[in-house]
Amino acid sequence: MLIIKDIKSLRKVLDKASRQEQKIGFVPTMGYFHEGHLSLMRQAKKECDLCVVSIYVNPKQFGPREDLKKYPRNLKRDVSMIDKENVDILFVPSDNVVYPKSYLTYIDVEKITATLCGRFRPGHFKGVATVVAKLLNMVRPDIMYLGQKDAQQVAVLKQMVTDLNFPVTVRVVPTAREKDGLAMSSRNVYLTAQERLEAPVLYQALQMAAKRIKQGERSSFQIVRSITNSITQQSQGKIQYVECVDPNNLEPLKTIKGTVLIALAVFFGKTRLIDNVIVPIKKT
Ligand code: PAJ
């Protein structure tokens, strides 16, 4: 595996690969890998000739009171984890490579960034869209791999890719979970033992809701209420939001008609966890 830190060296390797008509798969990450990240890399290896992974903890997507400073970083651990995954290139740019002092340009995807997590993390998706646009221009992949765990990020980046005509296909990979259902996240290391014990209630509540929808429940209010009740009754989790929305445009659904995305964000102590499920139903 090549570890590359600057754009010029990256382009040199990738230009050669493109000349040889190799298909390039790209997995953007902020590192501190877990099975979720690895599942994206495995999918990229399956479908592409070359798998490029980036690690960059993007300061522009963290709010002033968020965890940028304490976000877990361990390049040595990450390198040893992906050595086994046959990743071809690990791109690890530093802040001055991504955002030189003269930096002025931002990408603002409207509307769908104002709902769900966007309501509570102003500027977050602007930071995400900006860094991913830059990384796409640096790597120029054929396929970019994103995790369903971050459903709003998927919607925002798909919209950006379409609106700005990025010549890339977006592939979405299912959420990797711990044995007890907790969605894998680099932030799970922040959880205390008690919080970790309680956190699987999120997925249990989402699954129970999915079951109720499959059994015929069509009221988002009832679905949200049942999820809220399970979480508050079974844990110390403090709910930020639970919502039923259209998975493509993220618009709230009062009545569940087609496929629904149920998304939530819950604080366990200081740690904010997100999770979601997509429940496919036939339109009635
Ligand atoms: P990060 O949180 O490191 O996640 C990198 C990729 O892994 C994202 O596409 C995310 O959705 C996916 N991922 C995270 N947990 C997952 C899980 N349990 N199962 C499947 N996929 C999972 O998301 C980011 O970084 C950043 O916002 C980034 C896109 C890199 C821009 O800075």
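One-based numbering, in listed order, for ligands and for the atoms of each.
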Item to check | Path from Y103 to I7 over hydrophobic side-chain contacts below 4.5 Å | outcome: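 Shared cluster, yes.
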
Pairs under 3.5 Å, nitrogen or oxygen of ligand 1 with protein nitrogen or oxygen:
from     : atom 1 : to   : atom 2 : distance (Å)
ligand 1 : 3 (O)  : M30  : N      : 2.9
ligand 1 : 3 (O)  : H37  : NE2    : 3.0
ligand 1 : 9 (O)  : G147 : N      : 3.0
ligand 1 : 11 (O) : G147 : N      : 3.3
ligand 1 : 11 (O) : G147 : O      : 3.2
ligand 1 : 11 (O) : D150 : OD2    : 2.6
ligand 1 : 15 (N) : M184 : O      : 3.4
ligand 1 : 18 (N) : A176 : O      : 3.0
ligand 1 : 18 (N) : M184 : N      : 3.4
ligand 1 : 18 (N) : M184 : O      : 2.9
ligand 1 : 19 (N) : A176 : N      : 2.8
ligand 1 : 23 (O) : Q153 : OE1    : 3.4
ligand 1 : 23 (O) : Q153 : NE2    : 2.9
ligand 1 : 27 (O) : Q61  : NE2    : 2.9
ligand 1 : 27 (O) : Q153 : OE1    : 2.7
ligand 1 : 32 (O) : Q61  : OE1    : 2.6

Next on the checklist: For residues 187-211, which residue pairs pass the salt bridge (charged side-chain N to carboxylate O under 4.0 Å, His left out) check, not counting sequence neighbours?
Outcome noted: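 Passing the test, one end in residues 187-211: D67-R187, D180-R196.
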
Checklist entry - Will you find, in the side chains of S9 and D6, an N or O donor that is under 3.5 Å from an N or O acceptor? => result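 Yes.
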
Next on the checklist: I'd like to check the salt bridge (Lys or Arg N to Asp or Glu O under 4.0 Å) partners of E110; sequence neighbours left out, ordered by chain and number.
Outcome noted: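 Not a single residue meets the salt bridge (Lys or Arg N to Asp or Glu O under 4.0 Å) criterion with E110.
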
Please tabulate, one pair per line, all N/O donor-acceptor pairs under 3.5 Å involving side-chain atoms of residues 56-63, not counting sequence neighbours.
from : atom 1 : to   : atom 2 : distance (Å)
Y56  : OH     : D95  : OD1    : 2.5
N58  : OD1    : K60  : N      : 3.3
N58  : OD1    : Y99  : OH     : 2.7
N58  : ND2    : Q61  : OE1    : 3.0
N58  : ND2    : G127 : O      : 3.0
K60  : NZ     : Y106 : OH     : 3.1

Checklist entry - F268 and L202: side chain to side chain contact (heavy atoms under 4.5 Å, CB included), yes or no, with the steps? => result CA-CA 11 Å; F268 282 83; L202 302 184; 4.0 Å; yes

